[in-house]
Amino acid sequence: MLKAVSKEDDYLYQGKRKRLVEILKTKGINDSKVLEAISKIPRHLFFDASASRPALLDHAYSDKALPIGAGQTISQPYTVAFQTEMLNIQPGEKVLEIGTGCGYQTAVLLEMGAKVFSIERQKLLFDKTKLFLPYIGYTGARLVFGDGYKGLPRHAPFDKIIVTAAAPYIPNDLLEQLKTGGLMIIPLGEGEVQEMVLLKKTGPTQFDKKTLGSFRFVPLLPNKAGQ
Ligand code: SAH
């Protein structure tokens, strides 16, 4: 299986990834471990480039969000890199991701040595990504079908939490499941554009909050797992 994939990941794509990494550097990303992860992960295999839409493949390494099926998108590489960099991921840390989608962000976190738990509420995407990530060699993530607003109390506390869909408010369960000293990054807002918020938990109910500029995400949808 891995052989088949590596055949598809030819020099052309590796070259395109190198250029993408250069673009991300010029946009201000400088965590070398984030850039290294992005230079390794075959992004062109993650999204919905069916035979009917081969043109999408040409955009796999442009700095754009792209469709992944079920009306969802793979985040723009800059956004993935930015959120990951802000979390200052260290090997062995327990990281909770809300919104697995196609698993690209999950793969970035795995490349960085994190213990990843990721929740997705769309059954179609969940089933697809659960098969796909191991297929291209990314084993070890705990993928959960469920509601990201609730987090994963059984596996809490987490060193870091990354929310990859736009939330109308900061879910209380996620605040509780963050370790003291831990960081959470979450795009906040209900409009087309959201504010990126970085929270540091400084005590059981104390948080430092920083806002980090405007981004665009699909919405974090309410408790309707499966639809
Ligand atoms: N991390 C993904 C981003 C996918 S887009 C990537 O790397 O590409 C955001 C994802 O959040 C979508 O797949 C969407 O279905 C999911 N989502 C939306 N609301 C959710 C919720 N309440 N719980 C879990 N996942 C949710």
Side-chain angles (χ1 to χ4, degrees), residues 20 24 34 37-38 40-49 56 59-87 89 95-112 114 116-133 136 138 141-153 155 158 160-175 177 184-190 192 194 196 215-227:
L20 173 61
L24 295 177
V34 173
I38 287 174
K40 282 190 193 155
I41 302 171
R43 186 173 190 255
H44 62 282
L45 301 178
F46 281 73
F47 59 88
D48 195 20
L56 275 181
H59 296 291
Y61 294 104
S62 36
D63 191 16
K64 287 182 188 158
L66 293 165
I68 54 173
Q72 301 303 321
T73 55
I74 177 172
S75 296
Q76 189 184 341
Y78 174 72
T79 306
V80 171
F82 182 82
Q83 285 195 293
T84 313
E85 176 163 301
M86 288 301 122
L87 286 181
I89 303 290
V95 181
L96 175 63
E97 176 188 28
I98 307 300
T100 316
C102 64
Y104 182 77
Q105 173 74 67
T106 316
V108 171
L109 294 167
L110 289 170
E111 278 286 354
M112 296 180 74
V116 189
F117 297 76
S118 186
I119 310 178
E120 173 56 53
R121 77 180 278 286
Q122 291 249 15
K123 189 74 165 72
L124 191 80
L125 281 175
F126 169 76
D127 288 341
K128 205 164 144 184
T129 302
K130 205 174 160 61
L131 288 177
F132 173 72
L133 279 179
I136 62 162
Y138 290 108
R142 184 80 68 96
L143 303 180
V144 177
F145 173 57
D147 179 15
Y149 280 91
K150 298 198 173 78
L152 282 180
H155 298 284
F158 297 96
K160 309 281 163 72
I161 298 181
I162 177 168
V163 181
T164 70
Y169 58 89
I170 303 174
N172 215 26
D173 287 334
L174 299 186
L175 291 175
Q177 291 170 32
M184 165 160 36
I185 192 153
I186 178 166
L188 267 189
E190 291 183 89
E192 277 210 352
Q194 303 89 37
M196 191 69 83
F215 287 80
R216 276 169 197 271
F217 284 82
V218 295
L220 186 67
L221 295 168
N223 184 17
K224 281 188 192 161
Q227 294 180 17

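Counting starts at 1 for both ligands and their atoms, following the listed order. All values below come from the heavy atoms of this structure, side chains included, with hydrogens, waters and symmetry mates left out.
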Only counting residues at least two apart or in another chain, list the ones meeting salt bridge (charged side-chain N to carboxylate O under 4.0 Å, His left out) with Lys64.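 Residues passing salt bridge (charged side-chain N to carboxylate O under 4.0 Å, His left out) with Lys64: none at all.
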Only counting residues at least two apart or in another chain, list the ones meeting salt bridge (charged side-chain N to carboxylate O under 4.0 Å, His left out) with Arg216.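 Applying salt bridge (charged side-chain N to carboxylate O under 4.0 Å, His left out) to Arg216 gives Glu192.
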Identify, chain by chain and in numerical order, each protein residue with a heavy atom under 4.0 Å from an atom of ligand 1. Gln72, Thr73, Ile74, Ser75, Glu97, Gly99, Thr100, Gly101, Cys102, Tyr104, Gln105, Ile119, Glu120, Arg121, Gln122, Leu125, Gly146, Asp147, Gly148, Tyr149, Thr164, Ala165, Val218, Pro219, Leu220, Leu221
For the residue pair Tyr149 and Tyr169, categorise the inter-ring angle as parallel (less than 30°), tilted (30 to 60°) or perpendicular (more than 60°). tilted
Please find out if less than 6.0 Å separates the ring center of Tyr138 from that of Phe132. no
For Ala166, enumerate each residue passing the side chain to side chain contact (heavy atoms under 4.5 Å, CB included) test, keeping only those at least two apart in sequence or located in another chain.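 Ala166: side chain to side chain contact (heavy atoms under 4.5 Å, CB included) contacts with Gln194, Phe217.
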I'd like to know if the side chain of Ser75 and the backbone of Val80 have a donor-acceptor N/O pair within less than 3.5 Å. no
